[in-house]
Amino acid sequence: MPVAERRLEVAIVQHACDEDRDANLARSVQGIRDAAEAGAQLVLLPELHRSRYFCQQEDPGCFDLAEPIPGPSTEALSALAAELGVVIVASLFERRAAGLYHNTAAVLDADGRLAGIYRKMHIPDDPGYYEKFYFTPGDLGFEPIDTKVGRLGVLVCWDQWYPEAARLMALAGAEILLYPTAIGWNPDDDTDERMRQHDAWRTVQRAHAVANGLPVLVANRCGFEPDPAGQHAGAEFWGGSFVAGPQGELLVEADDQPGVHNVTLDLAACERVRQWWPFLRDRRIENYGDLVKRYRD
């Protein structure tokens with residue numbers, strides 16, 4: 001039987017962030033409105049879009065930025081999702097309990113319901129990206145979230161370097177992979193190093209699309225943010241948000257400026273691609289046991 005046609009209009013919102021949390025939320029809300037007006041049914045926001053990227057330093061005062069889920073941000077976005085009839089994926093700094101915080105993506109369904117959350121599993125700790133100080137690794141596993149537009153495999157930023165995460169989402173029936181992101185260059189890096197980093201970042205996520213036969217949505221922030229502690233040169237978030245199809249083809253790609261980018265996904269094409277390239281069929285799962293080891297010494 002031929003694969004039934006199924007199309008979905010999606011959008012990625014890319015914007016800069018400053019110290020005014022309400023202004024940042026207003027930018028996100030306006031981006032969602034612009035996306036919905038252009039026909040979007042699913043909108044992805046950048047990682048930690050309500051504030052500057054505070055993980056450039058280790059400062060206990062930054063824990064005051066965290067909020068519960070449900071909480072003020074999800075309430076505002078829930079009302080917006082219901083008003084516009086769109087699904088919104090929003091990355092937030094979650095206060096789960098005193099002394100327990102997560103980097104969490106909340107999914108608001110098109111009727112305003114909190115469809116689910118995903119807590120970031122892979123937590124970096126590098127110069128300018130001191131996330132282990134703030135975030136407890138996720139404990140919800142790699143579980144897709146069901147919405148009115150389909151089953152979403154939501155991951156967050158540093159997760160994007162791990163093929164295991166994308167694969168486990170795909171094996172649980174995810175129809176789309178989504179990555180809210182905050183990544184940029186050290187302004188002291190030369191042009192060649194910047195291009196290597198950007199190309200690696202884009203290539204690895206396009207590879208997740210290819211290996212799993214699924215579309216991939218990536219929303220990054222943009223703009224320069226100084227290091228509040230003055231220990232390094234700050235971060236130049238490179239933008240470059242994009243949507244890739246199930247063969248890794250770039251369907252839309254942003255530059256380094258704020259903007260909203262809509263594109264139509266042909267979800268039926270995913271099944272056709274998996275019929276041509278049946279990677280899931282040919283997996284030799286009986287031979288992959290050592291993947292649960294840290295290293296094969």
Side-chain angles (χ1 to χ4, degrees), residues 10-36 40 42-56 62 65-67 69 73-74 76-77 80-81 86-94 102-108 117-120 122-124 128-129 131 134-135 152-161 176-185 197-198 201-202 205 216-225 234-244 252-263:
V10 302
I12 45 177
V13 175
Q14 176 173 294
H15 66 70
C17 298
D18 60 31
E19 294 180 349
D20 188 332
R21 286 169 49 79
D22 291 337
N24 295 329
L25 181 59
R27 292 184 183 100
S28 296
V29 167
Q30 187 59 55
I32 295 166
R33 289 191 179 278
D34 291 345
L42 168 64
V43 184
L44 176 63
L45 299 174
E47 183 184 20
L48 300 171
H49 61 98
R50 285 223 57 183
S51 68
R52 280 187 169 168
Y53 183 72
F54 51 88
C55 306
Q56 290 196 65
C62 291
L65 297 171
E67 61 180 283
I69 298 176
S73 291
T74 54
L77 294 172
L80 184 65
V86 300
V87 176
I88 300 170
V89 179
S91 167
L92 300 167
F93 187 12
E94 180 190 7
H102 296 280
N103 186 333
T104 300
V107 179
L108 294 314
I117 63 173
Y118 166 79
R119 292 180 174 136
K120 186 174 181 178
H122 301 96
I123 311 296
Y129 293 86
E131 295 197 12
Y134 297 101
F135 307 131
L152 308 183
V154 181
L155 298 159
V156 177
C157 199
W158 195 240
D159 292 326
Q160 63 210 1
W161 300 99
I176 305 169
L177 299 175
L178 302 96
Y179 295 92
T181 296
I183 189 169
W185 296 294
Q197 291 178 15
H198 183 272
W201 172 77
R202 187 172 65 170
Q205 292 175 97
V216 170
L217 278 63
V218 183
N220 191 22
R221 67 172 64 201
C222 60
F224 175 73
E225 297 183 24
E236 184 70 43
F237 293 97
W238 63 52
S241 304
F242 68 90
V243 177
V252 68
E253 184 175 19
D255 56 18
D256 61 355
Q257 299 299 307
V260 177
H261 300 270
N262 284 51
V263 70

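This one's a predicted model, so the numbers in the text were calculated from it and none came from an experiment. Atoms considered below: every heavy atom in the structure, side chains included; atoms not considered: hydrogens, waters and symmetry mates.
- Judged as a side-chain contact (heavy atoms from CB on, under 4.5 Å), and not counting sequence neighbours, the contacts of Ser73 are Arg50, Glu67, Leu92.
- When the side-chain contact (heavy atoms from CB on, under 4.5 Å) test is applied to Glu253, the partners found at least two apart in sequence or on another chain are His198, Arg202, Phe242, Leu250.
- Side chains of Val107 and Leu178 form no contact here, defined as non-hydrogen atoms less than 4.5 Å apart.
- Between Arg27 and Asp18, at least one side-chain nitrogen of the basic residue sits less than 4.0 Å from a carboxylate oxygen of the acidic one, meeting the salt-bridge criterion.
- Using a 4.5 Å heavy-atom cutoff, the side chains of Phe93 and Ser51 are not in contact.
- Nearest heavy atom pair, residue Phe224 against residue Glu236, reads CB-OE1, 3.2 Å.
- Between the Asn220 side chain and the Ile183 main chain, a donor and an acceptor come within less than 3.5 Å of each other.
- When side chains are defined from C-beta on, Cys157 counts as touching Thr181, because their heavy atoms get closer than 4.5 Å.
- Applying the ring pair (Phe, Tyr, Trp, His ring centres under 6.0 Å) test between Trp201 and each of Tyr179, Trp238, Trp161 identifies Trp238 as the sole match.
- Looking at residues two or more places apart in sequence or on another chain, you find a side-chain contact (heavy atoms from CB on, under 4.5 Å) between His261 and Ile12, Val252, Ala254.
- Inter-residue side-chain proximity for Phe54 and Glu225 is flagged as unmet; no heavy-atom pair is nearer than 4.5 Å.
- Checked against side-chain contact (heavy atoms from CB on, under 4.5 Å), Ala26 has no partners two or more places apart in sequence or in another chain.
- A salt bridge links Arg52 to Glu19: one of the charged nitrogens lies within less than 4.0 Å of a carboxylate oxygen.
- For Asp34, the side-chain hydrogen bond (donor to acceptor under 3.5 Å, both in side chains) partners two or more places apart in sequence, or in a different chain, are Gln30.
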TODO: Go through Leu45 and Ser91 one step at a time and tell me if the side chain to side chain contact (heavy atoms under 4.5 Å, CB included) criterion holds.
DONE: CA-CA 7 Å; Leu45 299 174; Ser91 167; over 6 Å; no
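- Listed by chain and residue number, nothing satisfies the side-chain hydrogen bond (donor to acceptor under 3.5 Å, both in side chains) test with Asn262 (two or more places apart in sequence, or in another chain).
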